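Worksheet for the structure shown next.
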Amino acid sequence: MAKEAAEHHHKAAEHHERAGRHHKEAAKHHEAGNHEKAAHHAQVAQGHQEHAMHHSREASKAHAAHYGDKQERAASGGSTGKS
């Protein structure tokens, strides 16, 4: 579970970075008066933001599942492991 969560965190970060690049492109095109290109980059940025949020939610679910399992084992007197 911890590896799965880490992978989702990395993917979320990548999508946030891509969204940032597209927002910068949108701003550049908007300032130049090319509103059609600006709108395109803004929409692409929105898509990357949505993907980033998806990966953030999946990472949270993986953390919850991992720590929920650890708490259940501890409550039942089992080993909690180290991760």
Side-chain angles (χ1 to χ4, degrees):
M1 281 300 160
K3 183 177 180 179
E4 179 184 355
E7 289 173 3
H8 282 295
H9 285 302
H10 285 297
K11 288 179 181 180
E14 289 171 7
H15 281 290
H16 280 299
E17 290 170 3
R18 290 175 186 161
R21 286 194 299 270
H22 282 285
H23 279 299
K24 287 179 183 178
E25 282 295 309
K28 184 173 74 173
H29 288 297
H30 184 78
E31 290 168 348
N34 192 339
H35 300 290
E36 188 175 330
K37 282 187 178 181
H40 167 76
H41 282 284
Q43 287 179 327
V44 172
Q46 178 66 31
H48 284 298
Q49 289 172 323
E50 289 175 11
H51 278 98
M53 292 307 298
H54 164 76
H55 286 293
S56 293
R57 283 189 299 274
E58 292 301 313
S60 293
K61 288 179 191 176
H63 284 300
H66 176 74
Y67 289 109
D69 289 346
K70 284 178 74 171
Q71 289 178 346
E72 287 176 17
R73 287 193 303 271
S76 66
S79 172
T80 59
K82 289 188 176 188
S83 47

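As the structure is a prediction and not an experimental result, all values here were calculated from the model.
Across E58, H55, R57, a single residue satisfies side chain to side chain donor-acceptor pair (under 3.5 Å) together with H8, and that is H55. Checked options H23, E25, E17; the residue passing with R21 is E17 (criterion: side-chain contact (heavy atoms from CB on, under 4.5 Å)).
No donor-acceptor contact under 3.5 angstrom links the side chains of H22 and Q49, judged on distance only.
In this structure, M53 and E50 have side chains that are not in contact, with every pair of non-hydrogen atoms separated by 4.5 Å or more.
Pairing each heavy atom of A5 with each of A59, the nearest pair is O-CB, 3.8 Å. The shortest non-hydrogen separation linking A42 to A26 is N-CB, 3.9 Å.
Aromatic pair H35/H29: ring centres not closer than 6.0 Å. Between H9 and H63, the ring center distance clears the sub-6.0 Å criterion.
Without hydrogens or angle criteria, H40 side chain to E36 main chain gives no donor-acceptor distance under 3.5 Å.
A salt bridge is defined here as a Lys NZ or Arg NE, NH1 or NH2 lying under 4.0 Å from an Asp or Glu carboxylate O, and K11 with E14 fails to meet this definition.
Residue H10 places its NE2 atom among 12 or fewer non-hydrogen atoms of other residues, nucleotides or ligands, all under 6.0 Å distant.
Distance check, rounded to the nearest 0.5 Å: NE2 of H15 to OG of S56 gives 10.5 Å.
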